[in-house]
Amino acid sequence: KMATIMMVRCCLAIALVLIGAHAAPSIDCTKLNTCMESTTVPGCGWCWQGSQTRNQTIGARPGDSHGPSDGEPCSDWTYLDVNCQKHVDCPALPDCLNILGTYCGWCQDTMTGSTGTSAGPSTGSCNQWIWVHTACPAVEGPQQLHLAYGANDTSMVLTFASVKPERATVMLMAANGGSGSGDTVLPVQFNGTGNPDGVQWIYRTVFDELTPGMMYNYSVELNNVTKNYTFQAKPQHPSVEPWTASFLVYGDMGRHGGGMVLDQLELEAQDSTENVTALIHFGDFAYDLDTNGGVNGDTFMNRIEGLAASKAYMTCVGNHEIEDGSFSNYVNRFSMPRHEGNNGWDQMWHSWDIHDVHFISYSSEVYFSNTKDIETQYNWLKADLEAANQPDARSKYPWIIAYGHRPFYCSNVDGDDCTKNASLVRAGLEDLFHEYGVDLVFEAHEHSYERTYPVYNNTVVGKEYTNPQAMVHVISGAAGCNEDDGACLNPILHARLPWSAFQASAQGTYSFGHLKVYNGTHLHFDSYVAEERKVEDEFWLVQAHHGKRV
């Protein structure tokens with residue numbers, strides 16, 4: 001039934017365009033809330049928020065297939081509802097290869113993306129128009145730049161890639177001036193079978209002995225192409241100088257299925273007033289990193305460069321990274337803490353400290369692939385949590401926040417592990433996390449948003465978020481995958497059990513989270529719907545009695 005309705009809507013919209021019907025809308029377009037709502041009303045369309053529309057009127061507006069009719073421009077306009085759920089900000093694409101899987105083409109004349117057809121762009125002209133990604137020229141120079149916090153508080157790891165195994169020169173200089181330092185970096189070849197057609201040469205370098213909180217400029221020169229970025233070293237502990245830590249958090253983000261969230265993430269990460277500290281991605285990247293022989297992974301890593309080359313991009317592994325059990329794209333492309341001394345493998349479980357938080361990244365995938373690592377990860381987690389609960393450590397980093405891909409609990413109706421009373425992930429980790437006083441767990445996998453009350457052993461342990469006696473779980477997996485043309489939805493009909501405090505799974509509610517840590521007792525979280533530009537849920541978590549639970 002739904003497919004029939006969508007087909008009728010599509011045919012109606014196309015017919016209106018073909019016959020040149022530009023009927024005045026029957027309602028006030030500006031009162032409509034989403035792209036799908038506006039594009040199913042003749043005479044209305046949707047102007048997206050993104051890098052090209054910062055000074056333009058965003059949201060539903062009157063117009064037709066050629067653009068708005070209210071006299072104001074829109075650089076990212078959608079008029080057909082079939083393009084809503086797979087929206088891509090074509091002019092914001094960083095390179096030609098990123099037209100893969102989208103309705104965008106690439107103009108080599110101007111080096112920009114644009115909507116269009118195989119015949120050419122939808123507006124203007126282009127002498128060198130590329131409509132198929134296989135016709136794209138190779139990306140010269142360094143690409144896929146991204147940062148991650150290193151093994152200690154004064155280091156940052158830079159990872160990048162190249163189509164050729166050339167020497168790269170990396171320069172680092174304090175933003176306020178100084179002599180700076182340079183380093184020659186040699187690549188290693190991609191190790192594994194999951195990237196036969198992708199970029200093969202991976203570079204890693206460590207910026208070490210950074211001054212806490214200082215801004216740094218760095219450049220990467222390779223094959224006569226230079227890229228320049230700026231980042232902030234991890235600030236000092238707030239006991240030295242008070243500050244607020246701000247994180248953008250989400251899971252399940254594809255390259256083009258997650259386009260609307262990506263645009264908003266870029267706006268916030270680049271906005272100095274937001275003071276974003278780092279980004280945390282809870283697994284499932286690109287959909288998938290190994291798709292198209294690894295080309296999709298390359299394009300995703302280039303797409304997030306605008307975010308990740310200036311902010312630490314922290315991760316955990318998801319089920320879409322399993323491949324044949326080697327996780328080769330994840331291991332090769334990301335450089336999480338503990339990477340250097342462990343051949344990359346158990347970068348899939350690591351921890352890092354910042355502000356008043358001890359973060360733990362774990363792999364839920366050990367319960368579904370390479371199960372021999374269940375014990376290895378469990379023993380590491382127990383040792384890490386034991387160390388984090390030593391009096392000096394828990395006093396300095398009172399919050400313990402864990403993040404992994406598959407949830408312990410969920411209300412979705414898809415039969416996933418989290419819907420089962422005998423959940424493998426919950427059975428494997430819940431007792432350990434509960435005993436050692438983990439305060440908050442972030443998860444994804446379900447393409448929806450859900451928040452629990454403090455819960456343990458399938459039972460609500462109070463409905464207050466002040467001094468809770470059990471963990472709170474937040475599922476933020478609605479950043480936008482590439483499945484079903486971007487229609488990423490795992491429905492929730494109602495709360496499955498009393499532990500579910502809030503659920504959101506409507507089509508189009510592509511979202512991510514803002515986590516703000518103010519001090520050792522107060523943190524705030526909200527779930528933000530990118531398309532509607534609104535907060536759908538928020539809560540304060542207050543804990544004055546951190547520590548083990550007995």
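The closest side-chain donor-acceptor pair between D298 and Q143, if any, does not fall under 3.5 angstrom. A donor-acceptor contact under 3.5 angstrom links the side chains of T57 and E72, judged on distance only. Counting only N and O atoms by type, the side chains of D252 and H320 include no donor and acceptor under 3.5 Å apart. Side-chain contact, K516 with S246: a donor N or O sits under 3.5 Å from an acceptor N or O. Side-chain N/O atoms of T159 and S335 include a donor and acceptor closer than 3.5 Å. Checked by atom type, the side-chain pair Q144/R333 shows a donor-acceptor distance below 3.5 Å. Under the 3.5 Å distance criterion, with hydrogens and angles disregarded, no donor-acceptor pair is assigned to the side chains of D89 and W48. Between the side chains of N490 and N412, not a single donor N or O lies within less than 3.5 Å of an accepting N or O. A donor and an acceptor atom, one from each side chain of E532 and T34, are nowhere located under 3.5 Å apart. In this model, no donor atom of one side chain and acceptor atom of the other lie less than 3.5 Å apart for S155 and D208.
Atom CD of residue E209 and atom CG of residue N152 lie 9.0 Å apart, to the nearest 0.5 angstrom. Distance check: T315 OG1 to H350 NE2 gives 6.0 Å after rounding to the nearest 0.5 Å. In this structure, the separation between CG on D288 and CG on N329 is 9.0 Å, given to the nearest 0.5 Å. Atom CZ of F502 sits about 4.5 Å away from atom CG of D537, to the nearest 0.5 Å. Atom CZ of R255 sits about 13.0 Å away from atom SG of C481, to the nearest 0.5 Å. To the nearest 0.5 angstrom, M253 atom CE is 4.5 Å from Y250 atom OH.
Residues F539 and Y453 place their aromatic rings such that the two centres sit no closer than 6.0 Å. Taking the centre of each ring, W349 and Y378 stay at or above the 6.0 Å mark. A ring-centre distance under 6.0 Å is not found for Y287 and F300.
Shown here are the ring-ring contact (aromatic ring centres under 6.0 Å, His included) partners of Y362, two or more places apart in sequence or in another chain: F433. Under the rule for a ring-ring contact (aromatic ring centres under 6.0 Å, His included), the partners of W243 that lie at least two apart in sequence or sit in another chain are H355. Among residues two or more places apart in sequence or in another chain, the ring-ring contact (aromatic ring centres under 6.0 Å, His included) test is passed with H447 by none. The salt bridge (Lys or Arg N to Asp or Glu O under 4.0 Å) check on D439 picks up R394, with sequence neighbours excluded. Considering only residues two or more places apart in sequence or on other chains, F207 meets the ring-ring contact (aromatic ring centres under 6.0 Å, His included) condition with Y218, F231.
Here the side chains of I354 and K234 are in contact, with some heavy-atom distance below 4.5 Å. At a threshold of 4.5 Å between non-hydrogen side-chain atoms, the residues M471 and L440 do not count as touching. The shortest side-chain heavy-atom distance between F368 and V425 falls under the 4.5 Å cut-off. At a threshold of 4.5 Å between non-hydrogen side-chain atoms, the residues C410 and E450 count as touching. Taking the side chain as every heavy atom from C-beta outward, V455 and S500 never approach each other to under 4.5 Å. No side-chain heavy atom of Y313 sits less than 4.5 Å from a side-chain heavy atom of L147. Between R204 and L158, every side-chain heavy-atom pair lies at or beyond the 4.5 Å cut-off. Side-chain contact between V517 and T277 is absent, with no heavy-atom pair separated by less than 4.5 Å.
Both cation-pi conditions hold for R426 and Y409: the charged atom is under 6.0 angstrom from the six-membered ring centre and inside a 45 degree cone around its axis.
The aromatic rings of Y456 and H434 sit parallel, their planes meeting at an angle under 30°, below the 60° perpendicular limit. Taking the six-membered ring where the residue is Trp, F408 and H473 present tilted rings, their angle falling between 30° and 60°. Using a 30° and 60° split on the angle between ring planes, F512 and H514 fall in the perpendicular class, above 60°.
Within a 6.0 Å radius of CG in D392, other residues, nucleotides and ligands contribute 12 heavy atoms or fewer.
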Report task. Report the C-alpha separation of W540 and Y518 in whole Å, then their side-chain angles, then the decisive distance to 0.1 Å, and conclude whether the side chain to side chain contact (heavy atoms under 4.5 Å, CB included) test is met. Result -> CA-CA 11 Å; W540 282 92; Y518 291 90; 3.5 Å; yes
Report task. Could you please spell out the steps behind the side chain to side chain contact (heavy atoms under 4.5 Å, CB included) verdict for M314 and H281? Result -> CA-CA 6 Å; M314 308 305 290; H281 189 151; over 6 Å; no
Requested in this report: In sequence, state the C-alpha distance, the side-chain angles, and the governing distance for E435 and K382, and then conclude on salt bridge (charged side-chain N to carboxylate O under 4.0 Å, His left out).
Outcome: CA-CA 10 Å; E435 176 187 351; K382 185 172 183 178; over 6 Å; no
Report task. Show the numbers, then the answer: is there a side-chain hydrogen bond (donor to acceptor under 3.5 Å, both in side chains) between E538 and S527? Result -> CA-CA 6 Å; E538 62 180 319; S527 181; over 6 Å; no
Query - Trace of the side-chain hydrogen bond (donor to acceptor under 3.5 Å, both in side chains) decision for D384 with S351 - result: CA-CA 8 Å; D384 184 82; S351 62; 2.8 Å; yes
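One N or O on the side chain of H546 and one on the backbone of P398 form a donor-acceptor pair closer than 3.5 Å. One N or O on the side chain of Q543 and one on the backbone of H545 form a donor-acceptor pair closer than 3.5 Å. Distance alone, capped at 3.5 Å, is enough to place a donor-acceptor pair between the N98 side chain and the T299 backbone.
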In residues 399-406, what donor-acceptor pairs under 3.5 Å come from side-chain atoms, sequence neighbours left out?
residue: W399; atom: NE1; partner: N519; partner atom: O; Å: 2.8
residue: W399; atom: NE1; partner: G520; partner atom: O; Å: 3.4
residue: Y403; atom: OH; partner: W352; partner atom: NE1; Å: 2.8
residue: H405; atom: ND1; partner: F282; partner atom: O; Å: 2.8
residue: H405; atom: NE2; partner: D284; partner atom: OD1; Å: 3.4
residue: H405; atom: NE2; partner: D284; partner atom: OD2; Å: 3.2
residue: H405; atom: NE2; partner: N319; partner atom: OD1; Å: 2.9
residue: H405; atom: NE2; partner: H445; partner atom: ND1; Å: 3.1
residue: R406; atom: NE; partner: E365; partner atom: OE1; Å: 3.0
residue: R406; atom: NE; partner: E365; partner atom: OE2; Å: 3.1
residue: R406; atom: NH2; partner: E365; partner atom: OE1; Å: 2.6

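A pairwise comparison of heavy atoms in Y465 and A501 identifies OH-CB, 3.6 Å as the closest pair.
Under a 4.0 Å N-O distance rule, the pair K311/D271 does not qualify as a salt bridge. In this structure, K227 does not pair ionically with E221, as no charged nitrogen and carboxylate oxygen lie closer than 4.0 Å.
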